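Below is one structure, written out as structure tokens; comments come after it.
Quick caveat: nothing in here was measured; it's all calculated off a predicted structure.
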Amino acid sequence: MEYALAVEILRDTMLMSIKIAAPLLLTCLVVGIVVNLLQVATSIQDPGFSSIPRFVTCALAFLLLLPWMLHQMSDYMHRMAAMIPRMVE
């Protein structure tokens, strides 16, 4: 395997992992910030108030994004399988 091919595979892998994780991480980040701002504004320090909305929103986002994530990973694996002849040479 050539170095250029190895670099291409590593680059594609890193970009795919970022592409798959970013929407879910950004959703959870935004919800966390909003919940923290609500806690600061209302002076509510209840742990249930902060953790339950975060968990529910992140779980729903995961369930909604799961088909898209699986499709992206499937396409990536097809591209990697198509590269096998290039790796063997």
> Would Met73 end up clustered with Trp68 when hydrophobic side chains under 4.5 Å apart are linked, directly or stepwise?
Replying inline: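 Yes: a chain of side-chain contacts under 4.5 Å links Met73 to Trp68.
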
> Are Val34 and Leu60 connected in a single hydrophobic cluster, I mean Ile/Leu/Val/Met/Phe/Trp/Tyr linked by side-chain heavy atoms less than 4.5 Å apart?
Replying inline: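 Each belongs to a different hydrophobic cluster.
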
> Just wondering, are more than 12 heavy atoms of other shown residues or ligands nearer than 6.0 Å to CZ in Phe55?
Replying inline: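 12 or below, so no.
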
>> Are there over 12 heavy-atom neighbours, none belonging to Met77, within less than 6.0 Å of that residue's CE?
In response: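 Incorrect, the count does not exceed 12.
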
>> Rounded to the nearest 0.5 Å, what separates atom CG in Leu70 from atom CG in Leu65?
In response: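 Rounded to the nearest 0.5 Å, the CG-CG separation comes to 10.5 Å.
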
> In Å and rounded to the nearest 0.5 Å, what is the CG to CG distance from Leu5 to Leu10?
Replying inline: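 Answer rounded to 0.5 Å: 9.5 Å.
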
I'd like a table of donor-acceptor pairs (distance under 3.5 Å, sequence neighbours excluded) in which one partner is a side-chain atom from residues 11-30, with atom names and distances.
unit_1, atom_1, unit_2, atom_2, d
Thr13, OG1, Ile9, O, 2.7
Thr13, OG1, Tyr76, OH, 2.4
Ser17, OG, Thr13, O, 3.3
Ser17, OG, Met14, O, 2.8
Lys19, NZ, Gln72, OE1, 3.0
Thr27, OG1, Pro23, O, 2.7

>> If you compare all heavy atoms of Arg54 against all heavy atoms of Asn36, which two are closest, and at what distance to 0.1 Å?
In response: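 Closest approach of Arg54 to Asn36, heavy atoms only: NH2-OD1, 2.6 Å.
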
> Between Pro47 and Ser50, what is the shortest heavy-atom contact and its length?
Replying inline: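 Looking at all heavy atoms of both residues, the shortest contact is O-OG, 3.0 Å.
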
